[in-house]
Amino acid sequence: MEFNQLIQARHSVNQFDPNGTISREELESIIEAATLAPSSYNLQHWRFLVVDDKDKKLKLKSAAYDQQKIEDAAAAIVVLGNLKAHEDAQRIADDLSEKGYLPEQYKENVINQINGLYSNESMQRDEAIRGSSLAAMTLMLAAKDKGFGTCPMIGFDPARVQEEFNIPENLIPVMIITIGPENDPKAPRKFRFEAQEITTYNGF
């Protein structure tokens, strides 16, 4: 699909085909595309918990205030933000150096910068949410390009999801993305503000 067509075609789907399916291979291909999203220092704050087992989806549905689309979707992806992404600083810096982005003599400086910046817990959380949200948007576009509908959801109890699925403490549930064949892919586009209404140049 051409990029402009893809942008126009993607919308939040509330009605999924309850008999629809998506293969693990397709899911992994979509997630692979999501990993190309940008992130601060290339720390890649995102992690993905795929829930495609019927019984597990019911447990996730319960933690999401019984929203039916979780049960009907072929899968639900819990997008997680990694609060400890900075602990991969060495690995990231080594890659930057090996590929010529970072002179070897500056590698230790970059590692120190990362560790200093992320010593702040608010920064850890903010960047975990920012980074994983960028990946989530990329994932939804990749899914649409393969013909699947998606819906980003924040209507769930994060603590229950964390406990129910035994998610490590360093990974915070940011959103759930339901994914699968749509029941009504021709739903009309919802209202959008015109660019002129929401844009200013060089200040207010």
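Heavy atoms only: backbone and side chains are in, while hydrogens, waters and symmetry mates are out. We count residues from 1, following the sequence as given.
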Can you tell if the side chain of V110 reaches within under 4.5 Å of the side chain of I114, non-hydrogen atoms only? yes
Less than 3.5 Å apart, any donor N or O on the side chain of S132 or R47 sitting next to an acceptor on the other? no
Are more than 12 heavy atoms, taken from residues, nucleotides or ligands other than Y201, located less than 6.0 Å from that residue's OH atom? no
Distance alone, cut at 3.5 Å: any donor-acceptor contact between the side chains of Q44 and S39? no
Can a donor-acceptor pair be found, under 3.5 Å and without considering hydrogens, that links the side chain of K57 to the backbone of A73? yes
Rounded to the nearest 0.5 Å, how far apart are OH of Y106 and CG of N112? 14.5 Å
CD1 of I92 to OG of S97: how many Å apart, nearest 0.5 Å? 13.0 Å
So, does Q162 use its side chain to make a donor-acceptor pair with the main chain of R160 at under 3.5 Å? no
Could you see if V174 belongs to whatever hydrophobic cluster contains I179? Use Ile, Leu, Val, Met, Phe, Trp, Tyr and a side-chain cutoff under 4.5 Å. yes
Given 3.5 Å as the limit, does a donor-acceptor pair link the side chain of S29 with the main chain of E25, or not? no
I need the L36 CG to L139 CG distance, nearest 0.5 Å. 11.5 Å
Stepwise side-chain hydrogen bond (donor to acceptor under 3.5 Å, both in side chains) check, D94 with Q90: CA-CA 6 Å; D94 285 344; Q90 181 74 55; 3.0 Å; yes
Kindly work out whether a path of hydrophobic side-chain contacts (I/L/V/M/F/W/Y, heavy atoms less than 4.5 Å apart) joins L80 to I31. no
Taking the side chain as every heavy atom from C-beta outward, state whether I172 and P158 have any pair of such atoms under 4.5 Å apart. no
Nearest non-hydrogen partners of I22 and A74, listed with the distance: CG2-CB, 3.4 Å
Interatomic distance, NZ@K69 vs CD@Q15, rounded to 0.5 Å, equals 9.0 Å
Taking C-beta and beyond as the side chain, do T150 and L141 meet within less than 4.5 Å on heavy atoms? no
Salt bridge (charged side-chain N to carboxylate O under 4.0 Å, His left out) between K107 and E98, worked out: CA-CA 10 Å; K107 191 165 68 172; E98 287 169 13; over 6 Å; no
Where do A34 and F48 come nearest, in terms of heavy atoms and distance? CB-CZ, 4.1 Å
Strictly distance-based, threshold 3.5 Å: is any side-chain N or O of S119 a donor or acceptor partner for the main-chain N or O of G116? yes
Decide yes or no for I176 and V79: does some side-chain heavy atom of the first lie under 4.5 Å from some side-chain heavy atom of the second? no
Shared hydrophobic cluster for I111 and L102 (ILVMFWY, side-chain gaps under 4.5 Å): no
Report yes if the side chains of I30 and K146 come closer than 4.5 Å at any heavy-atom pair, otherwise no. yes
Counting C-beta onward and ignoring hydrogens, is there a side-chain heavy-atom pair between E182 and K144 closer than 4.5 Å? yes
When you compare the side chain of L49 with that of I77, does any pair of heavy atoms fall below 4.5 Å? no
Side chain of T35, backbone of E32: donor and acceptor closer than 3.5 Å? yes
Backbone N/O of L60 and side chain of E164: donor-acceptor pair under 3.5 Å: no
Are K99 and D95 close enough for a salt bridge, meaning some N to O gap below 4.0 Å? yes
Indicate yes or no: does E127 engage R130 in a salt bridge with an N to O separation below 4.0 Å. yes
Just by distance, do the side chain of R189 and the backbone of Q8 share a donor-acceptor pair under 3.5 Å? yes
If you measure only the distance, is there a donor-acceptor pair under 3.5 Å linking the side chains of E71 and Q68? yes
ILVMFWY cluster, M137 and I177 together (side-chain gap under 4.5 Å): yes
Which atom pair, heavy atoms only, marks the closest approach of P152 to S12? CD-OG, 3.6 Å
Judged by atom type as modelled, is there a donor-acceptor pair below 3.5 Å linking the side chain of T138 to the main-chain atoms of L134? yes
Side-chain touch V78/F165, heavy atoms, less than 4.5 angstrom: no
Okay, side chain of Q124, backbone of K84: is any donor-acceptor separation there less than 3.5 Å? no
For residues Q113 and N109, is any side-chain donor paired with an opposing acceptor at under 3.5 Å? no
Under a 3.5 Å distance rule, please check whether H45 uses its side chain to pair with a backbone N or O of L43 as donor and acceptor. no
Output the distance between atom CE (M175) and atom SG (C151), rounded to the nearest 0.5 Å. 11.0 Å
Provide the closest heavy-atom pair for L83 versus R125 in the form atom of the first, atom of the second, distance. CD2-CA, 3.6 Å
Could you check whether R192 pairs with E197 (Lys NZ or Arg NE/NH1/NH2 to Asp/Glu carboxylate O, under 4.0 Å)? no
Y41 to Y118 - nearest heavy-atom pair and separation: CD1-CE1, 4.5 Å
Are R24 and D52 close enough for a salt bridge, meaning some N to O gap below 4.0 Å? yes
